[in-house]
Amino acid sequence: MPATVAVFSVSRDLINRKEGVSIPVYFFRYYKKMFLLSNGFGVLFALLGYIGYVNFKFIPFFYPENIQVYLMGIFIAGAVVLTLTFINLFSVMAHYDLKGFQYVKNAFSLVFAEPGLMLMQLFWIVAYALILIFLPKVTIFIGVSMFSYLIMSIHLSRFERIKRKNEAKAMLLNA
């Protein structure tokens, strides 16, 4: 978890073209800074995923067939939202300096903020998963860094729009 957050933060700096930043130094600085918090979130999401998986597996044993389809659809939709929130969490932790569960709250709200960008993010997640499955040797060259760069570039556009919207609201309140 902390290494992934650090990769996302380095990707953010590469996208923003920060000059004079030594990637290994910056990576380890951010790794140390977010170590406990990101591992805590990792345990939380692993636990939520496990609970969802176990409940999904027990659906056929406890519910009639006509209800199973609906329940499985609900669980799959929940799994997609959980996965997108988990992926968004890395970008939020790399970009913002928040307290505790504000990271999760903001990552969750990003899932529903712009459906078009969420679908683009979902497309890249599926494409990356397919590359991992069908072309595992290619992942040696692209690794996590290409994925983090793509997802972070999607999120940075969101973060800029959110920033502009908040600045416009602040100007209207002050006027």
Side-chain angles (χ1 to χ4, degrees), residues 1-12 30-31 33-136 138-139 142-159 161-162:
M1 286 293 295
T4 308
V5 174
V7 167
F8 271 78
S9 64
V10 168
S11 295
R12 181 197 62 208
Y30 211 79
Y31 180 89
K33 177 183 176 188
M34 299 306 278
F35 185 81
L36 289 175
L37 186 63
S38 62
N39 277 325
F41 287 142
V43 169
L44 172 72
F45 276 89
L47 187 63
L48 289 173
Y50 180 72
I51 290 169
Y53 175 75
V54 169
N55 283 318
F56 182 79
K57 285 299 199 181
F58 278 112
I59 287 174
F61 299 113
F62 293 107
Y63 296 99
E65 286 184 29
N66 58 344
I67 296 177
Q68 287 179 18
V69 174
Y70 299 112
L71 288 175
M72 287 185 177
I74 290 169
F75 272 99
I76 290 170
V80 168
V81 169
L82 184 70
T83 301
L84 289 173
T85 303
F86 183 66
I87 299 295
N88 289 344
L89 183 65
F90 296 119
S91 296
V92 170
M93 290 182 80
H95 191 72
Y96 294 112
D97 189 24
L98 303 172
K99 302 276 188 221
F101 279 97
Q102 289 178 337
Y103 287 112
V104 176
K105 182 180 121 186
N106 286 334
F108 180 75
S109 68
L110 282 175
V111 172
F112 300 103
E114 295 181 40
L117 288 178
M118 182 192 71
L119 289 174
M120 185 188 316
Q121 180 181 350
L122 197 56
F123 168 78
W124 285 116
I125 291 169
V126 170
Y128 187 73
L130 290 174
I131 290 171
L132 287 174
I133 293 168
F134 294 112
L135 301 169
V138 173
T139 58
I142 62 172
V144 171
S145 58
M146 180 63 81
F147 178 72
S148 70
Y149 191 86
L150 288 168
I151 298 299
M152 197 67 202
S153 63
I154 292 170
H155 286 146
L156 281 177
S157 66
R158 281 184 182 174
F159 296 153
R161 280 194 288 274
I162 291 168

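Here the structure is a predicted model, which is why all the values come from computation and not from measurement.
The two atoms that bring N88 and A107 nearest to each other are ND2-O, 3.2 Å, heavy atoms only. The two residues I87 and H155 come nearest to each other via the heavy atoms O-CE1, 4.4 Å. Between N106 and S109 the shortest heavy-atom distance is O-OG, 2.9 Å. Nearest heavy atom pair, residue R158 against residue L110, reads NH1-O, 2.9 Å.
Aromatic rings from Y31 and F35 are positioned such that their centres are separated by under 6.0 Å.
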request  = Could you go through the side-chain contact (heavy atoms from CB on, under 4.5 Å) check for V81 and F112 one step at a time?
outcome  = CA-CA 9 Å; V81 169; F112 300 103; 4.0 Å; yes
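Taking OG1 of T4 as the start and CZ of F147 as the end, the distance is 10.0 Å to the nearest 0.5 Å. Rounding to the nearest 0.5 Å places CG of L117 at 14.0 Å from CZ of F123. Here the OH-OG distance, from Y103 to S38, works out to 10.0 Å after rounding to the nearest 0.5 Å.
Here the side chains of V7 and Y149 are not in contact, with every heavy-atom distance at 4.5 Å or above. When side chains are defined from C-beta on, F8 counts as touching I151, because their heavy atoms get closer than 4.5 Å. Contact annotation: the side chain of F90 approaches that of M1 to within less than 4.5 Å [non-hydrogen atoms, C-beta and beyond]. In this structure the side chain of P2 never reaches within 4.5 angstrom of the side chain of Y30, judged on heavy atoms. Residues V5 and F41 fail the side-chain proximity criterion, which asks for heavy atoms closer than 4.5 Å. Contact of the L89 side chain with the F45 side chain is registered, since non-hydrogen atoms from C-beta on lie closer than 4.5 Å.
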I'd like a table of donor-acceptor pairs (distance under 3.5 Å, sequence neighbours excluded) in which one partner is a side-chain atom from residues 92-101, with atom names and distances.
none

If you look only at distance, which donor and acceptor atoms sit under 3.5 Å apart when one is on a side chain in residues 49-76 and the other is two or more places apart or in another chain?
from: N55; atom 1: ND2; to: I51; atom 2: O; distance (Å): 3.1
from: Q68; atom 1: NE2; to: P60; atom 2: O; distance (Å): 3.4
from: Q68; atom 1: NE2; to: Y63; atom 2: O; distance (Å): 2.8

